[in-house]
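Please read the structure below before turning to the comments.
Values reported hereafter were calculated over all heavy atoms of this structure, with side chains retained and with hydrogens, waters and symmetry mates removed.
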Amino acid sequence: MTDRTEMSAYEVRVFEPEFPLNLDVTLSCGQLFRWKKQDDTWQGVADGKLITLRQDGRQLHFSGCSEAFLISYLHLDCAPEDIVSGFCCDTHITDAVSRTSGLRIVRQDPWECLISYLCAQNANIPFITRMIENLCHAAGESITAPDGTVWYAFPTPDALSALSLEEKRGCTLGYRAPYIHKTAAAIAVDPGWADRIRKLPFEEARRVLMAYPGIGPKVADCVLLFGFQKYESFPVDTWMRMIMHRLYGVGDPEKSFTPAEYDRIRRFAQERFGPYAGYAQEYLFAIRESYANGKF
DNA sequence: GTATACCCTGACTA
DNA sequence: ATAGTCAGGGTAT
């Protein structure tokens with residue numbers, strides 16, 4: 001703490017984003033697993049750094065990163081009208097948007113995103129959060145906050161692939177451990193993997209992702225949406241199955257969830273909502289409980 | 001194309 | 001209290 005730059009990195013600054021933002025909804029809607037809210041301040045590690053965020057009306061108080069990073073990370077570099085006009089097409093969506101306005105799809109690091117959603121298969125949000133915390137603790141760089149609290153960065157591909165399969169199992173990954181083991185090993189020796197995928201058109205990028213062990217349609221679609229900003233991606237989980245059936249009569253949640261059924265639902269959504277179908281998905285997902293309760 | 005068993009953990013019920 | 005059931009994606013057959 002004698003280093004002045006270390007201290008100034010945690011200095012709290014303020015800026016007013018050009019476009020509206022709902023920070024609470026954005027950080028708690030289930031797209032991210034590493035942000036915690038204490039009192040009115042969010043803390044999390046992104047880009048290898050400990051960052052704090054607090055929203056006060058239109059102002060964003062922040063420390064640990066640059067303003068430019070936040071504008072990119074929180075997708076604050078484009079107007080909400082431009083996004084909404086790219087998927088909004090009926091009263092269901094208009095209603096969902098008005099109930100959760102200011103929701104942003106965060107630009108996640110592709111590597112962290114891929115491993116996180118590999119953890120996410122067959123798990124709920126608290127469980128996923130635990131698995132990722134365990135991985136960070138086991139293989140991530142430690143970061144000491146000014147108050148002495150120790151945080152951990154998300155492990156690099158090298159650090160994660162250096163962790164043995166047994167150590168990974170110790171992170172409560174369960175049967176996901178071998179998937180993560182193999183995929184991390186493949187990526188650690190292939191630094192260009194993300195740039196290649198980024199340049200591919202949607203369906204091809206999807207096929208490439210699904211070739212990694214443990215990555216099926218749902219995980220691939222999440223990584224394309226949250227890690228690669230392919231906003232036409234429309235991940236379908238059991239919630240979206242229920243919602244799409246209730247709102248549009250597509251698919252049948254009573255029947256078994258076959259790959260063909262998955263494709264039917266996501267293709268319907270991509271055609272109906274268009275190039276920002278993924279944003280429609282997030283808005284619907286954010287108020288999923290109300291559809292389950294029949295309140296919509 | 002589709003059905004089924006299996007992987008693992010946590011939450012819930014009996 | 002402990003056993004049983006179920007949810008939740010991906011894979012192999």
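For A/R288 and A/F285, the positive end sits near the middle of the six-membered ring, less than 6.0 Å away and at most 45° from its axis. By the 6.0 Å and 45° rule, A/K199 does not stack over the aromatic ring of A/W193.
Qualifying side chain to side chain donor-acceptor pair (under 3.5 Å) partners for A/E81, counting only residues two or more places apart in sequence or in other chains: none. Scored by the side chain to side chain donor-acceptor pair (under 3.5 Å) test, A/D190 finds A/R196 as partners (sequence neighbours excluded). Remark: A/R198 engages A/D195 in a salt bridge (charged side-chain N to carboxylate O under 4.0 Å, His left out) (not counting sequence neighbours). The side chain to side chain donor-acceptor pair (under 3.5 Å) check on A/N122 picks up A/Y175, with sequence neighbours excluded. Every residue meeting the side chain to side chain contact (heavy atoms under 4.5 Å, CB included) condition with A/D82, not counting sequence neighbours, appears here in chain and number order: A/A79. Applying the side chain to side chain donor-acceptor pair (under 3.5 Å) rule to A/R207 yields no partners; only residues at least two apart in sequence or on another chain are considered.
Salt bridge annotation for A/D221-A/K218: absent, with no cationic side-chain nitrogen under 4.0 angstrom from a carboxylate oxygen.
Axis angle, first five pairs versus last five pairs of the helix from B/dA3-C/dT13 to B/dA14-C/dT2: 40°, rounded to 10°.
Following rounding to the nearest Å, A/R264 (CZ) and B/dT2 (P) show an atom-to-atom distance of 6 Å. As a whole-Å value, the separation of A/E261 CD from B/dA3 C1' is 14 Å.
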Enumerate, atom names and distances included, each donor-acceptor pair closer than 3.5 Å involving a side-chain atom of residues 249-259 of chain A, sequence neighbours excluded.
residue	atom	partner	partner atom	Å
A/D252	OD1	A/E254	N	3.0
A/T258	OG1	A/E261	N	3.1

For residues 18-27 of chain A, which side-chain donor-acceptor pairs fall under 3.5 Å, sequence neighbours excluded?
residue	atom	partner	partner atom	Å
A/N22	OD1	A/D24	N	3.3
A/N22	OD1	A/V25	N	3.2
A/D24	OD1	A/K37	NZ	3.2
A/D24	OD1	A/W42	NE1	2.8
A/D24	OD2	A/K37	NZ	3.1
A/T26	OG1	A/N22	O	2.8
A/T26	OG1	A/G102	O	3.4
A/T26	OG1	A/R104	N	3.1

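In this structure, A/Y279 has its ring center at least 6.0 angstrom away from the ring center of A/F273. Annotation: A/F33 is in aromatic contact with A/Y117 [ring centroid separation under 6.0 Å].
For DNA chain C, the residues of residues 207-231 of chain A within the heavy-atom distance limit of 4.0 Å (strictly under) are A/Y212, A/P213, A/G214, A/I215, A/G216, A/P217, A/K218, A/V219, sorted by number. Listed in residue order, the members of residues 121-139 of chain A having a heavy atom less than 4.0 Å from DNA chain C are A/Q121, A/N122.
Heavy-atom contacts of chain A under 4.0 Å fall on DNA chain C between two terminal nucleotides, which in 5' to 3' order are C/dG8 to C/dT11.
Residue contacts for A/R241: at a heavy-atom cut-off of 4.0 Å it reaches no nucleic acid atom on any strand shown.
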